[in-house]
Amino acid sequence: MRETYAELLEHTRTIQDLAAISALLSWDQEVNLPPRGVASRARHKAALAALVHEKICDPLLGELLTALAGADLSREISPAAAANVRELKRDRDRAVKIPRNLIRELAEAGSLAQQAWAQAKARNDWELFAPHLERLVDLKQREAEAVGYEDEPYDALLDEYEPGARAAQLDRLFAELKVSLVPLLDRLRAASRQPDDALLRQHFASEAQDAFGREVLRDMGLDFAAARLDRSLHPFTEGIAIQDVRITTRYVEDNLGTGLFADLHEGGHALYELGLPLEHEGEPVASAVSLGIHESQSRLWENCIGRSREFWQHYLPRLREFFPGRFDKIGAEELYRAANVVRPSLIRIEADEVTYNLHIVLRMELERGLLRKEIRVAEIPGLWRDKVRLLLGLEVPGPAAGPLQDIHWSFGVFGYFPTYTLGNLYAAQFFARAREDLGNLPALVAAGDFAPLLGWLREKIHRRGSLLPAGELCREVTGSPLSCRPFVEYLENKFEEIYEL
Ligand code: ZN
């Protein structure tokens, strides 16, 4: 059995190497690629994707997995071996079910749709994008049918990003969230004392923002010998290898928060990638267990730490040095309140902690309706308007600030949005547990000592990689299954105090 397993690992490493090369090409595309190189880059990436698909569908891999099926690998080899086989089997089962021509059609439709989406967004014209979305929804329905599902097609797509998650389960979580968040938002909007974020909207030179951001990232524990920070239009993290993690950010000179919170967010993603078990590099067990868990790491640093009172207490003296004259007469308390203004926005990526998940609820409701054929593409702008009015109390002026704002659908990515909310929920639940376990976390943050928190995250989450499925990991770390309660309590405690309710 050990020989079979060794052969399986060898095959896997090749797949992971190809995936790493593909990740490097993606990073390069966003950071360095000259505009005329886009078409050839798309071809190179498609060639690699086809190779990866071929390797996963290789009958030899199927035979090796069959030979290992039924064995108690956890006992006979190691828990990591059991996780590797579980993850490989999941990937392969999915890949072999999707016909090769459907993969090609999706890739082609996606690249056409992306171009159309960019134009449609720039011209604020839904009709330019609608036929492409219709085509993509049709192809994704075919993909869901090919992959198979128990309850509804959305599950088949969601499972790719959040293994094991089901729409019905998310429905219950999201309904509970909506019931808590909408009234909280109403109370915050009606509060007589409203915090003001003008002091974060002064002029901040981007070089100074870059230097400050790097200091914060180093304080968090990011090792720049194993990571890079660059700039791109939309911040993101790409893990090429466990000791080669790339993050990007974006600085806006009239808003300190844009870049700083992006640094913290991507820094959280990077710390997760850097903390995966190095001794298993190249194996599925040494990769992130789900997008929801990945997002929990970014949100924990961005919000639970970066938007905490103690964070601003610690960094105020440094901010005065990096940005002379900007914060001389300002106290940490004002900064803390400025970093926590709740203001419904039409744009998801500009949303605060309270309203963010309402944007996700809206998207998931529409995606599910489209996949179930209950909603037609032509109805999306109208439904979007209604839902934004209901959830956020805002009027949508046009599709660019509505359903055209996000790039996801133009890639044919459906079922991805809910992982953002799962990340927020996991983050709050992990953070509550870390506070209990560490005892004096606020005092540590106030002292700028993040090492105990990073140590806790490393031991409980990062080092575990994909050893346990996300739901089990959550139960093991926190003692309870995923719930909305810790998140809602965190928000209520924090914002009732800030808004003096
Ligand atoms: Zn993220």
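We count ligands from 1, going down the list as the structure has it; atoms in each ligand are counted the same way. Note: hydrogens, waters and symmetry copies are ignored here, and every other heavy atom, side chains too, is used.
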If you consider just the N/O/S atoms, which atom of E295 is the closest one to the Zn ion (ligand 1)?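 This turns out to be OE1.
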For the residue pair F431 and S308, establish whether any side-chain heavy-atom pair is separated by less than 4.5 Å.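 No. Closest side-chain heavy atoms not under 4.5 Å.
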Taking the cut-offs as 6.0 angstrom to the six-membered ring centre and 45 degrees off its axis, would you call R299 and F487 a cation-pi pair?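 Negative - R299 is either too far from the ring of F487 or too far off its axis.
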Would you kindly check if the NZ (Lys) or CZ (Arg) of R307 is within the cone defined by 45 degrees around the ring axis of F261 and under 6.0 Å from the six-membered ring centre?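 R307 over F261 ring: yes.
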Could you tell me whether any N, O or S atom belonging to E266 is less than 2.8 Å from the Zn ion (ligand 1)?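 Given the 2.8 Å cut-off, E266 does not count as a ligand of the Zn ion (ligand 1).
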Mind reading off the angle at the Zn ion (ligand 1) between the NE2 atom of H265 and the NE2 atom of H269, rounded to 10°?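 If I round to 10°, I get 100°.
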Please verify the inter-ring angle class for Y272 with H462; under 30° counts as parallel, over 60° as perpendicular, anything in between as tilted.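 Aromatic pair Y272/H462 classed tilted.
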